[in-house]
Amino acid sequence: MTNIDKVTSFLKQNKDSKFIQYRLNSSNLKIDDICTYDDFKNIRPITRKDLAELTKDIKIFADFFDSCPIKIFESPGPIYNLLFESYYQYRFYKGLEYSSFGHCDIVVNTFSYHLTPAGEMFDEAVRKIGASVIPLGPSSSSKCAEVIKNTGATAFIGTKTFLKKVLEELGEKNSLLKSYLIAEKITDDERNYLSNKYDIEIYQGYGTAEAGLIATECQYKTGMHVDDEIFVEILNPENGDFIGENEVGEAYVTILNKNYPLIRYATGDLVSYTLEKCSCDREDMRILGVFGRVDSSVKVKGVFIHDWSLIEFADSYGVFIKLEISNDENNNDILSLHINKDIEGLDLAFREKFKLRVNNINVNKDINKTEIIENRTYLKKR
């Protein structure tokens, strides 16, 4: 069965799903209209902005689904993410299984357990593979290093930037043998530097709050294998056509999960792929990297700030905001708000909405547009 046959079969088997019916109706389609990939492409993509609108009334949104959610998360936007099924909706346990994580590892989970779903995604993944999880959440690198030393933790889950800080704190007292990283791209130079200096295996995955796991590395680390419960399209952002291997296009994902059948979700992520057989003998599509965003959204410490969300925030205070993302010599992100008039408490309001702390606020009366400016320089090889 080809991938598109698997998708069309899934849609027909779950034709009574209210969410699938909603997605088809919004595209003026019926289930019998979907037989080929060309038919499937007629389903209008759904974006993060669409989900933000849909989830404004969480009761109406939840009514699209046949069961009650186990948990309701909020991501910046805001977007409410509904969890209907442990383990098999987010599927990040597969990412840990593809890597060297295993039974009885002691795993430090540094993703947030408050409102956003990342902490839950990996907490359940660790428990699924029979390892022990330390629910650290966001903390200082010194606190994380202290916990690792006290517990003899063997594995780390989080971002590249935080892992680097923790390893520097640990130095020769590092007990970590492996790490699984998402939310930030890691280059080969960065991976080699950290692996060689601290004797730690580094794996990376790709996923979103809405879709869960999309792709993950195997032991050969030559691209991220697309999960077999996800159908991925990589399309030209300008005309919607398929792009060729090693070119860059936007990733659209369809989740083949009857409890949460997210169809043609436009991630906004620019990726490239290969169909070449991997050394592990898997023949599925591999994502070669995430190279940016289609819109002017930016990811900071694993959190997306969308241009439309920033505009809504600025408009609510009657101010223009230029959000500048830079970083220092230690690769720490620095968030600066440049605004056209002074607004008392804007930094606290920004933190409340986007779950990120502002480092600087500067008033410049000449600013006449709300926009996001990214001025990062990344960790260089040493």
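Scope of the values below: all heavy atoms of this structure, side chains included, with no hydrogens, waters or symmetry mates.
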_Set of residues satisfying salt bridge (charged side-chain N to carboxylate O under 4.0 Å, His left out) with respect to Glu324, sequence neighbours excluded_ = none
*Report, as yes or no, whether the 6.0 Å neighbourhood of atom CG on Asp188 holds more than 12 heavy atoms from other residues, nucleotides or ligands.*
no
_Side-chain heavy atoms under 4.5 Å apart, restricted to Ile/Leu/Val/Met/Phe/Trp/Tyr: what other residues fall into the cluster of Phe320, or is it alone?_
Ile367
*Inspect the contact between Lys49 and Glu312 and indicate whether a charged nitrogen and a carboxylate oxygen are less than 4.0 angstrom apart.*
no
*Considering non-hydrogen atoms only, spot the tightest contact between Ile230 and Ala211 and give its length.*
CD1-O, 4.4 Å
_Pair Glu169 + Lys165, salt bridge at N-O below 4.0 Å_ = no
*Quick one: are the ring centres of Phe84 and Phe65 less than 6.0 Å apart?*
yes
*asked:* Would you say that more than 12 heavy atoms from the other residues, nucleotides or ligands in this model lie under 6.0 Å from the CD of Glu247, or not?
replied: yes
*asked:* Checking side-chain polar atoms at under 3.5 Å, does Asn81 have a donor or acceptor matched by the opposite partner on Ser75?
replied: yes
*So, Glu184 and Thr161: side-chain donor and acceptor under 3.5 Å apart, yes or no?*
yes
_Non-neighbouring partners of Lys56 that pass salt bridge (charged side-chain N to carboxylate O under 4.0 Å, His left out), sequence neighbours left out_ = Glu53
*Does the side chain of Glu210 pick up a donor-acceptor pair with the side chain of Tyr265 at under 3.5 Å?*
yes
*For Tyr88 and Lys128, does a side-chain donor sit closer than 3.5 Å to a side-chain acceptor?*
yes
*Can a salt bridge be assigned to the pair Asp347 and Arg351 using a cut-off of 4.0 Å between side-chain N and carboxylate O?*
no
_Asp50 versus Thr47, side-chain donor and acceptor atoms under 3.5 Å_ = yes
*Under 4.0 Å between a Lys/Arg side-chain N and an Asp/Glu carboxylate O for Glu233 and Lys41?*
no
_Residue that, paired with Phe92, satisfies ring pair (Phe, Tyr, Trp, His ring centres under 6.0 Å) out of Tyr98, Phe122, Tyr203_ = Phe122
_Go through it in stages, so that I can follow the logic: the residues are Lys221 and Glu201, the test is salt bridge (Lys or Arg N to Asp or Glu O under 4.0 Å), and I'd like the CA-CA distance, side-chain angles, deciding distance and then a yes or no._
CA-CA 11 Å; Lys221 303 173 187 174; Glu201 283 287 329; 2.5 Å; yes
*Would Asp284 and His225 satisfy side-chain hydrogen bond (donor to acceptor under 3.5 Å, both in side chains), going step by step from the backbone distance to the final call?*
CA-CA 6 Å; Asp284 44 15; His225 295 269; 2.7 Å; yes
*Ring centre gap for Phe231 and Phe10 strictly below 6.0 Å*: no
*Got a sec: does the NZ of Lys149 have more than 12 other heavy atoms crowding it under 6.0 Å?*
yes
_Between the side chains of Glu217 and Arg191, is the shortest nitrogen-to-carboxylate-oxygen separation below 4.0 Å, so that they form an ion pair?_
yes
*asked:* Before you tell me yes or no, could you show the steps for Lys59 and Asp63 under salt bridge (Lys or Arg N to Asp or Glu O under 4.0 Å), namely the whole-Å CA-CA distance, both residues' side-chain angles and the distance that decides it to 0.1 Å?
replied: CA-CA 6 Å; Lys59 292 182 179 178; Asp63 193 48; over 6 Å; no
